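Each chain gets a letter, A, B and so on, in the order its sequence line appears, and its residues count up from 1. Bear in mind the structure is a predicted one, so any value in this text is a computation, not a measurement.
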Amino acid sequence: MAKLTKLDDIVSLCKRRGFIYQSSEIYGGLASCYDYGPLGAELKRNVRDAWWKAVVQMRDDIVGLDCSILMHPMVWKASGHADKFADLVTVCKKCNTRTRIDHLADKSDGDAAEHTEHVNIETEAAKEHDLSNKVCPACQAVGKFGEPMAFKLMFETQMGANADDQMTLWLRPETAQGIFANFRNVLDSTRVKVPFGIAQIGKSFRNEVTTKAFIFRTREFEQAELEFFCAPGTDEDWYEHWKQQRFNWYLDLGIQKENLRFRDHDPDELAHYAKACVDVEYKFPFGSGDWQELEGVANRTDYDLRQHQRGMRTMNDWFESKGDLSKITLKEEAEDYHKGPLSFFDEQNKERFIPYVIEPSAGVDRSTLAFLVDAYDEEEVKGATRSVLRFHPHLAPIKAAIFPLVKKDGMPEIATKLYDDLKGNFACFYDQKGAVGRRYRRQDEAGTPYCLTIDGQTKEDNTVTVRERDSMEQSRINIDQIKAYLREKLDL
RNA sequence: GCGGGUGUAGCUCAGUGGUAGAGCGUCACGUUGCCAACGUGAAUGUCGUGGGUUCGAAUCUCAUCACCCGCUCCA
């Protein structure tokens, strides 16, 4: 299997073959930002399409959505991000280890730090923080901490060209809230009934304290999220359902079983709104061969919809404070909140409730990287190394390459005709330069599953050579049957 | 943000004060009739960026940017 043992090898591969480049490279690069090159753009698009097909197209109970990145600030007040999506961190002066202050344990009780949510940055920063009795988890030094530093995890931007009349907005830190904000719209316009899901793929932005490992953790990233709404009491079954569905999706697209696993979150690791959460992890070859999260499947309960009902009740305060979020607090829930504007009426049981939500949330960039790394292989062929990307046909950036065996005797004419005939149906590539063996190997490196070669025999019996990427085996197929052959083999 | 490391051709790297190099890749022409390894020729460098020292800097020095390994966090 792959001989990519270091992240550097992957970065190099990605650049050399045109999958991923550093953003703004000609200006020295921009931290944490990356661009997808010609092959990478195709690969990533295929990953998105495969997700959409599995999650939306093939299901009768899920519909799609595509929200704006900028949303009303109250969305983030209600979701909790505006107040809580920040960390207060301090550094141990002895060993330079950085720790969130809410994770520090007291010297006296010695208890391990408990998991807590992100903090409210305004109130926390204003508080006096007595760290003199706190223990550094790394070097055990007591009270050697510097001033707490605040990290805001959402990007801010301004709406309105007039400088005197601008509103501060946030770039969304997750696509999920756009789905909750449109829950009512979808209910009213599509005839869906609980249980059903709303799916969305799009960019999100988090001003991470530290980025990591190539495109694994970036400040701008793409999510594929599904919010699946179900009746309270059925949520645990749906949680299991989606756990399996999502795991199998990676396997079906060729991820090797031994590189994929679940990791359940400990109860004290769960976010305050989550009843259960499991990560789908991939064994990336970063340094020590660490397992890293590709996707999280969470039971978010009815938390988000209930929060947005509170948000809707708070709008008067928002207008009165002239949009200053720091001056308002969310209104309490109505006593009959379960009959609120974001509730669902179950015709069969004649009851109204706020649906529970199961959320599979996948990282598109992470998955793309995993598919790339997992497909990479090197093998010995006649004493030389053949490197090949064994992509699942659905993910392969190029489905078929068309070659004339040599650049004469009318072969290029037949080959270009075949190419023109196929490119409307499949992503194809035409190449007539150099030795054919070299062209085969070049396509191996791009992960192209099939090469079609026009030779002398083509003019005699109308057949072409079909060469398979994985086995390197060749067979002859009538040129008129190529389209059907590819369609069947590629399952398109 | 802190500590450690790195930055020279598209990629991998050599080059420790005196005219910028190799392998692979790329391109052209020829050859070639099914698996990168033929022949001939060619292109390609703000030596990450900006200051300083020096007669002279890829090389010494300072700053800065980016990446990698940790700390932290999460899709």
Side-chain angles (χ1 to χ4, degrees), chain A residues 6-18 21-34 37 87 89-93 95-100 103 118 136-139 146 149 151 153 173-176 203-204 206-219 221-225 271 279-280 286-288 292-298 359-367 381-387 403-409 411 433-445 451 453-457 464-467 469 472-474 476:
Chain A
K6 294 192 311 253
L7 187 57
D8 285 340
D9 295 338
I10 299 169
V11 176
S12 163
L13 169 92
C14 286
K15 179 165 187 189
R16 193 172 55 237
R17 309 253 213 276
Y21 314 121
Q22 167 122 60
S23 167
S24 314
E25 198 180 76
I26 61 169
Y27 292 109
L30 179 64
S32 167
C33 294
Y34 294 90
D87 286 333
V89 174
T90 185
V91 172
C92 173
K93 286 174 184 164
C95 69
N96 264 318
T97 298
R98 184 162 53 178
T99 315
R100 280 168 55 171
H103 283 186
H118 296 298
C136 172
C139 70
M149 302 173 285
F151 289 90
L153 302 185
E174 62 176 27
T175 62
K203 290 269 181 113
S204 293
R206 291 182 194 170
N207 209 354
E208 300 285 353
V209 178
T210 312
T211 56
K212 186 187 171 185
F214 195 38
I215 63 166
F216 185 78
R217 176 171 302 115
T218 49
R219 296 195 170 103
F221 60 103
E222 191 153 347
Q223 295 184 298
E225 293 196 298
D279 289 342
V280 178
F286 302 159
S288 54
Q292 301 281 356
E293 179 186 1
L294 292 180
E295 169 159 0
V297 181
E359 176 196 77
S361 172
V364 176
D365 308 276
R366 289 179 177 188
S367 305
V381 177
K382 292 179 185 164
T385 302
R386 178 174 89 116
S387 44
F403 309 145
L405 182 60
V406 288
K407 201 171 40 179
K408 60 181 183 186
D409 299 341
M411 294 180 204
K433 292 174 201 155
V436 74
R438 189 187 207 75
R439 283 178 269 163
Y440 285 150
R441 297 301 179 83
R442 244 198 298 254
Q443 290 305 311
D444 288 341
E445 296 185 327
C451 294
T453 303
I454 279 70
D455 54 26
Q457 199 182 325
V464 302
T465 299
V466 177
R467 184 266 194 186
R469 176 194 67 199
M472 297 197 294
E473 278 172 10
Q474 303 185 165
R476 298 200 70 89

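Among Arg386(A), Arg439(A), Arg469(A), the one residue that satisfies the salt bridge (Lys or Arg N to Asp or Glu O under 4.0 Å) test with Asp444(A) is Arg386(A).
In this structure, the CD atom of Gln22(A) is 12 Å from the P atom of C11(B), given to the nearest Å. Distance CG (Asp279(A)) to C1' (C74(B)): 9 Å, rounded to an integer number of Å. Computed from coordinates, the Arg217(A) CZ to G70(B) C1' distance equals 13 Å when rounded to whole Å. Rounded to an integer number of Å, the gap from Leu294(A) CG to A75(B) C1' is 9 Å. Note: CG (Asp9(A)) to C1' (C69(B)) measures 15 Å, nearest angstrom. Going from atom CZ of Phe216(A) over to atom C1' of C68(B) covers 16 Å, rounded to whole Å. Per the geometry, CD belonging to Glu359(A) stands 13 Å off C1' belonging to C74(B), to the nearest Å. Across the protein-nucleic acid pair, Tyr21(A) atom OH and G48(B) atom P stand 22 Å apart, rounded to whole Å.
Among the atoms of the strands shown, only primed sugar atoms or phosphate atoms (P, OP1, OP2) are found under 4.0 Å from some heavy atom of Tyr34(A). Contacts of Arg366(A) with the nucleic acid, taken as non-hydrogen atoms under 4.0 Å apart, include base atoms. Within the nucleic acid shown, Gln223(A) comes within 4.0 Å of sugar-phosphate atoms alone, with no base atom in reach, counting heavy atoms only.
Using C1' as the reference atom, A22(B) and U31(B) are 27 Å apart when rounded to the nearest Å. G51(B) and U12(B) have their P atoms separated by 28 Å, given to the nearest Å. Nucleotides G21(B) and C29(B) place their C1' atoms 27 Å apart, quoted to the nearest Å. The same atom, P, is picked in A20(B) and in A9(B); the two are 15 Å apart, to the nearest Å. Comparing the same atom, P, in G17(B) and in A28(B) gives a spacing of 42 Å after rounding to whole Å. Look at the P atom in both U64(B) and G23(B): the space between them is 39 Å, to the nearest Å. Straight-line distance between the C1' atoms of C38(B) and G33(B): roughly 15 Å, to the nearest whole Å. C27(B) and G10(B) have their C1' atoms separated by 13 Å, with the value rounded to a whole Å.
Checking C2(B) for Watson-Crick or G-U wobble geometry (two distances, each under 3.5 Å) identifies G70(B) as its partner. Using Watson-Crick or G-U wobble geometry with both donor-acceptor distances under 3.5 Å, C38(B) finds its partner in G30(B). Applying the Watson-Crick and G-U wobble criteria (two distances, each under 3.5 Å), C55(B) pairs with G18(B). Across all strands shown, C24(B) forms a Watson-Crick or G-U wobble pair with G10(B), both key distances being under 3.5 Å. In this structure, C47(B) forms no base pair with any nucleotide, since neither Watson-Crick nor G-U wobble geometry is met with both distances under 3.5 Å.
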| Which parts of nucleotides 22-36 of chain B does protein reach within less than 4.0 Å, heavy atoms only, written one letter per nucleotide 5' to 3' as B for base, S for sugar-phosphate only and - for none? | ---SS-S---BBBBB

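For the atom pair CZ of Arg442(A) and CZ of Arg17(A), the computed distance is 11.5 Å after rounding to the nearest 0.5 Å.
An anti base is found at A37(B): its glycosidic angle is more than 90° from 0.
For Arg219(A), there are no salt bridge (Lys or Arg N to Asp or Glu O under 4.0 Å) partners, not counting sequence neighbours. Listed by chain and number, the residues in a salt bridge (Lys or Arg N to Asp or Glu O under 4.0 Å) with Glu225(A) amount to none (sequence neighbours excluded).
Within the 4.5 Å cutoff, the side chain of Glu174(A) has heavy atoms near those of the Arg206(A) side chain. Counting only heavy atoms from C-beta outward, the side chains of Glu222(A) and Ile215(A) never approach each other to under 4.5 Å. Gln474(A) is listed as a side-chain neighbour of Tyr440(A), based on a closest heavy-atom distance under 4.5 Å.
Across Tyr34(A) and Gln22(A), no two heavy atoms sit closer than the pair CD2-CA, 3.8 Å. Of all non-hydrogen atoms in Pro173(A) and Gln223(A), the two that sit nearest each other are O-OE1, 4.4 Å.
Nearest to the side chain of Arg206(A), among A66(B), C68(B), C74(B), sits C74(B).
Put simply, Ser12(A) has a side-chain N or O that comes within less than 4.0 Å of OP1 or OP2 on U12(B).
In this structure, Ala362(A) and Ser32(A) both approach RNA chain B, and ranking their closest nucleotides by distance from the 5' end singles out Ser32(A).
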